[in-house]
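In what follows, a structure is listed as structure tokens, so that the remarks can point back to it.
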Amino acid sequence: MELADHKRLSAATGIEMFFAAPRSPWQRGTNENANKLLRQYLPKGMYLGDPSQADLDAIAAKLNNRPRKCLGFRTPAEFMAEEVVALTGRI
């Protein structure tokens, strides 16, 4: 019931909704981890109209530039830059 009206919300905001596929538990773990990280910046019960777009952009930048264990504790940008060099031999 939490997102029973998700189609109307998507249409009103232009934001696509993601739901984990049935019998795909690995998708739910990724989603829950993202929610946990977001809660550091947007606590439960907070009115989501309060943060400005600049605030949301700053949060997204912090989350997107976090080092990841699966990338050898590099950020996604660092990992991709190294991959481009490895594949092309150019910086």
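Note that the numbering runs from 1 along the sequence shown for the chain. Keep in mind that this is a model prediction, so the values were computed, not measured.
Take Phe73 and apply the ring-ring contact (aromatic ring centres under 6.0 Å, His included) test, not counting sequence neighbours, and it matches no residue. The side-chain contact (heavy atoms from CB on, under 4.5 Å) test applied to Asp50 returns Met46, Tyr47, not counting sequence neighbours. Legend: residues meeting salt bridge (Lys or Arg N to Asp or Glu O under 4.0 Å) with Glu78, ordered by chain and number and at least two apart, are absent. Partners of Asp55 under the side-chain contact (heavy atoms from CB on, under 4.5 Å) rule, at least two apart in sequence or in another chain, are Pro51, Ser52. With sequence neighbours left out, the side chain to side chain donor-acceptor pair (under 3.5 Å) criterion links Arg28 to no other residue. Taking the side-chain contact (heavy atoms from CB on, under 4.5 Å) definition, one finds that Gln53 meets it with Leu56, Asp57, sequence neighbours left out. Judged as a side chain to side chain donor-acceptor pair (under 3.5 Å), and not counting sequence neighbours, Gln27 has no contacts. For Arg66, the side-chain contact (heavy atoms from CB on, under 4.5 Å) partners are Leu37, Gln40, Leu63, Arg68, not counting sequence neighbours. Remark: Arg39 pairs with no residue by the salt bridge (Lys or Arg N to Asp or Glu O under 4.0 Å) rule, at least two apart or across chains.
Between the CG atom in Leu9 and the NE2 atom in His6 there is a gap of 9.5 Å [rounded to 0.5 Å].
In this structure the side chain of Val85 never reaches within 4.5 angstrom of the side chain of Glu82, judged on heavy atoms.
For residues 7-26, the pairs satisfying side chain to side chain donor-acceptor pair (under 3.5 Å) are Asp5-Arg8, with sequence neighbours left out.
Counting Ile, Leu, Val, Met, Phe, Trp and Tyr side chains that sit under 4.5 Å apart, directly or through other members, Leu87 stands alone, with no cluster partners. Annotation for Leu71: hydrophobic cluster partners, listed by chain and number, are Phe79, Met80 (ILVMFWY side-chain heavy atoms under 4.5 Å, direct or chained).
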